[in-house]
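Take a look at the structure below.
Order of the sequence lines fixes the chain letters, A, B, ..., with proteins taken first and strands second; residue numbering starts at 1 for each chain.
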There are 2 protein chains.
Amino acid sequence: MARVRLQDVADHAGVSMKTVSNVVRDQPYVSEAMRARVQRSIDALGYRPNLVGRQLATGRTGSIALGIPRLAQPYFARLASLVSDRARELGYRVLIVETNSQLDAERALAQRLDAGFADGVLFQPSRMTTEELAGRDDLPMVLLGESTPPASMDRVCIDNVAAAHDVTEHLIAAGRRRIAFVGHEVEELSDTSMLRIAGYERALAAHGIAVDPELLIATGGGAEGAVREVGAALAAGLEIDAIACRDDLAALGALRAAQRHGLRVPDDIMITGWDDIFMTEVSYPSLTTISPNLDELVGTALGFLTERIDGLDQPGRHVVVPYELVARESAPAGGGGGTGAGAGTSAATGTA
Amino acid sequence: MARVRLQDVADHAGVSMKTVSNVVRDQPYVSEAMRARVQRSIDALGYRPNLVGRQLATGRTGSIALGIPRLAQPYFARLASLVSDRARELGYRVLIVETNSQLDAERALAQRLDAGFADGVLFQPSRMTTEELAGRDDLPMVLLGESTPPASMDRVCIDNVAAAHDVTEHLIAAGRRRIAFVGHEVEELSDTSMLRIAGYERALAAHGIAVDPELLIATGGGAEGAVREVGAALAAGLEIDAIACRDDLAALGALRAAQRHGLRVPDDIMITGWDDIFMTEVSYPSLTTISPNLDELVGTALGFLTERIDGLDQPGRHVVVPYELVARESAPAGGGGGTGAGAGTSAATGTA
DNA sequence: GTGAAAGCGCTAACAG
DNA sequence: CTGTTAGCGCTTTCAC
């Protein structure tokens with residue numbers, strides 16, 4: 001079936017393109033009779049507006065790009081899902097670009113971006129430096145996560161140091177002293193890991209607990225890495241009574257390794273995660289974790305981005321979004337406690 | 001900075017647009033000297049080709065749409081990630097559209113699709129009927145999953161009935177007789193659930209085990225629903241020695257509920273999942289599950305789709321992709337067995 | 001090898 | 001309220 005164009009509809013209805021265009025886009029100032037007549041032609045011909053034509057004429061693509069490391073990671077899947085929902089409400093489609101945390105992929109997204117690719121970019125970098133990020137100013141871009149943004153760019157994140165501090169405090173308050181940190185990268189530390197480790201160390205220091213480098217267990221990401229590395233450490237006789245994990249995946253792996261090793265959680269060893277992915281409520285025992293306020297994160301970021309798309313020109317805004325420490329069975333609030341029932345309840349809450 | 005267009009580069013280099021265009025697209029038949037000269041102008045001006053202009057001229061958008069229920073579901077996140085990877089290799093970007101399994105969203109994707117939205121669609125419907133799907137023939141579309149496709153449309157799936165049969169057989173072979181099925185929808189059954197229940201019932205019937213409707217436990221999806229419903233059933237005194245779950249999320253929930261109830265898995269009760277999401281290896285005990293060959297699924301579907309985009313016109317091809325029954329701790333192969341160590345090993349394998 | 005001109009399908013002034 | 005006329009930025013015949 002030959003493509004039917006705006007002009008075809010106009011001919012069929014005996015009006016001008018402009019009028020058809022008005023009808024298609026629900027513009028005011030079209031008489032009811034006219035509207036009906038045109039609509040009849042549209043239906044008769046099976047006309048569908050061509051987005052590309054519109055995009056070229058308006059200079060807008062109607063979509064925003066979301067750049068994240070990996071969609072298969074539950075945290076980013078949830079983030080993407082939220083972005084997709086909220087963006088639709090705002091009238092945008094979402095193009096998802098996975099960077100796999102690779103520098104060249106990040107650069108491709110941020111710098112070599114062809115025009116007409118998207119109207120704006122929501123980007124969570126993990127390798128690019130501030131300077132590199134700064135080297136572009138064509139497409140509106142809002143940064144997610146804790147990388148330091150160029151002065152002109154908006155950024156939304158949570159306070160990683162504070163949250164890591166809170167979670168470590170939580171373990172210390174429960175009487176734990178040999179607290180490992182698990183889940184950071186084996187090679188080059190990501191910004192995220194660095195900040196979380198900093199918060200962990202700060203909390204230890206505040207309580208006069210020496211930071212033992214042996215207790216920093218890198219896994220290279222994923223639950224499997226944590227199963228392996230924590231398992232090896234325990235097998236090697238490492239004595240610990242708590243594990244603060246970089247993220248929930250690491251925590252689930254650590255949990256598994258501890259159980260394999262015959263340890264009771266939380267009695268023998270407490271474990272905490274980060275992100276509050278769906279599994280934290282369903283694991284056994286359920287997982288104490290840091291729950292960032294993703295609704296607010298996404299809402300703020302998308303708000304900033306659409307403002308920029310609409311032409312806002314002002315220095316970069318940096319917003320810190322709240323988080324919550326959700327205490328569940330793997331590290332209950334207020335000391336020891338059995339692995340008994342009871343859903344998680346919130347304790348500390350981060351601030352903006 | 002004013003947008004720099006192809007014409008600007010041409011002016012700057014003192015050549016025609018055609019030549020610049022040739023250079024930009026790496027076309028042959030451009031002298032080296034010419035190419036170098038034009039490239040210098042491109043760099044000097046910081047020219048980026050405008051995709052929309054190209055799209056309008058070529059009639060191709062360079063992107064494909066992926067329509068799935070929810071990105072936040074691990075299975076679909078992994079699917080989307082694979083599609084995104086493979087599509088990039090094929091030169092396409094991916095536009096992800098979440099339908100939330102809602103009819104109107106599915107219709108919007110399949111029928112009201114504006115032209116220029118994408119070059120083709122990979123779609124996993126869960127509500128639309130075959131007839132509705134058939135009512136469109138503009139955009140190339142390949143169906144994922146087990147819905148019956150219109151005659152003209154390609155479709156790729158696994159054999160749900162056979163796989164459900166296998167998994168149930170697996171439990172029967174382990175000596176289980178009171179086998180529940182958990183995780184289907186509370187209201188309207190999805191095609192997927194129907195097929196899996198059919199395979200489950202067929203296996204029971206083949207072994208002379210009566211199908212007890214009380215053993216069909218709907219949850220409405222998600223792990224939480226399974227925790228709740230299985231928990232309630234056990235609390236009400238339901239006697240079962242195995243649970244075949246509709247998907248891994250339900251299985252993780254069922255596992256949690258069983259453990260809360262004080263049951264040992266797999267000794268007192270065996271549990272199986274479906275999809276082989278990352279958590280199946282990390283849960284405690286690890287989860288026996290059906291692992292569809294996603295690489296092959298995605299590869300085949302994308303292959304079909306790109307062929308259609310390139311103009312292939314022939315009746316719909318229907319491909320069934322293999323799966324594997326991965327026996328892990330929650331329902332080990334060969335009878336009872338403790339909850340000991342050992343990663344999962346594969347047993348039965350589905351066919352194409 | 002390279003240039004000129006004609007669209008791709010739509011929107012947006014500006015008249016009327 | 002409706003019609004006319006230019007483009008948006010690029011690719012593509014078809015000459016040169």
TODO: Would you kindly give the CD-to-P distance between Gln7(B) and dG7(D), to the nearest whole Å?
DONE: 13 Å
Task: Closest heavy-atom pair and its distance - Ile42(A), Val9(A) - done: CG1-CG1, 3.7 Å
Task: Validation row: Leu103(A), Glu132(A) side chains within 4.5 angstrom (heavy atoms) - done: yes
Open item on the list: When you measure from the side-chain N and O atoms of Arg25(A) to the phosphate of dA12(C), is any distance below 4.0 Å, counting only OP1 and OP2?
Closed with: yes
Open item on the list: Distance check needed: dG7(C) P versus Leu6(A) CG, whole Å only.
Closed with: 18 Å
Open item on the list: In this structure, how many angstroms lie between the P atom of dC10(C) and the CZ atom of Phe117(B), rounded?
Closed with: 17 Å
Open item on the list: Let me spell it out: for each of Met34(B) and Val24(A), pick the nucleotide of DNA chain C with the closest heavy atom. Which residue's pick is nearer the 5' end?
Closed with: Met34(B)
Open item on the list: Testing the basics here: between Met128(B) and Arg107(B), what is the closest heavy-atom pair and its distance to 0.1 Å?
Closed with: SD-N, 3.8 Å
Task: Sole candidate of Leu302(B), Ile309(B), Val83(B), Leu305(B) that passes side chain to side chain contact (heavy atoms under 4.5 Å, CB included) when paired with Tyr92(B) - done: Ile309(B)
Open item on the list: Can you give me the closest heavy-atom contact between Arg88(A) and Glu98(B), atom names plus distance?
Closed with: NH2-O, 3.7 Å
TODO: Would you check if there is a donor-acceptor pair between the side chains of Arg70(A) and Ser81(B) at a distance under 3.5 Å?
DONE: yes
- [ ] Can you tell me the distance, in whole Å, between the CZ atom of Arg5(B) and the P atom of dT11(D)?
- [x] 14 Å
Open item on the list: For Asp310(B) and Arg60(B): C-alpha separation, side-chain torsions, deciding distance, then whether salt bridge (charged side-chain N to carboxylate O under 4.0 Å, His left out) applies.
Closed with: CA-CA 10 Å; Asp310(B) 292 338; Arg60(B) 294 240 178 149; 3.2 Å; yes
- [ ] Would you please confirm or rule out a distance under 4.0 Å between OP1 or OP2 of dT11(C) and any side-chain N or O of Arg54(A)?
- [x] yes
TODO: Examine distances only and state if a side-chain atom of Asn50(A) and a backbone atom of Val52(A) form a donor-acceptor pair shorter than 3.5 Å.
DONE: yes
Task: DNA chain C contacts among residues 13-22 of chain B, heavy-atom distance under 4.0 Å - done: Val15(B), Ser16(B), Lys18(B), Thr19(B)
Task: Terminal axis angle for the helix from dG1(C)-dC16(D) to dG16(C)-dC1(D), five pairs an end, nearest 10 degrees - done: 30°
Task: Any Thr19(B) side-chain heavy atom under 4.5 Å of Met34(B) side chain - done: yes
Open item on the list: Regarding Arg25(A) and Ser21(A), do their side chains bring together a donor and an acceptor under 3.5 Å, going by distance alone?
Closed with: yes
Task: Between dG1(C) (P) and Arg37(B) (CZ): distance, integer Å - done: 15 Å
- [ ] Mind listing the residues from residues 55-65 of chain B sitting with a heavy atom below 4.0 Å of DNA chain C? Number order is fine.
- [x] Leu56(B), Ala57(B)
Task: Least distance between heavy atoms, Val94(B) atom then Ala87(B) atom - done: CG2-CB, 3.5 Å
TODO: Mind calculating the distance between CG (Asn50(B)) and P (dC8(D)) to the nearest angstrom?
DONE: 11 Å
TODO: Find the distance Arg48(A):CZ to dC10(C):C1' and express it as a whole number of Å.
DONE: 16 Å
Task: Sugar-phosphate only, base, or nothing, as touched by Val30(B) at under 4.0 Å among non-hydrogen atoms - done: sugar-phosphate
- [ ] Check the distance between dT2(D)'s P and Gln27(A)'s CD and give it to me in whole angstrom.
- [x] 13 Å
- [ ] To the nearest 0.5 Å, tell me how far Ile68(A) CD1 sits from Thr99(A) OG1.
- [x] 8.0 Å
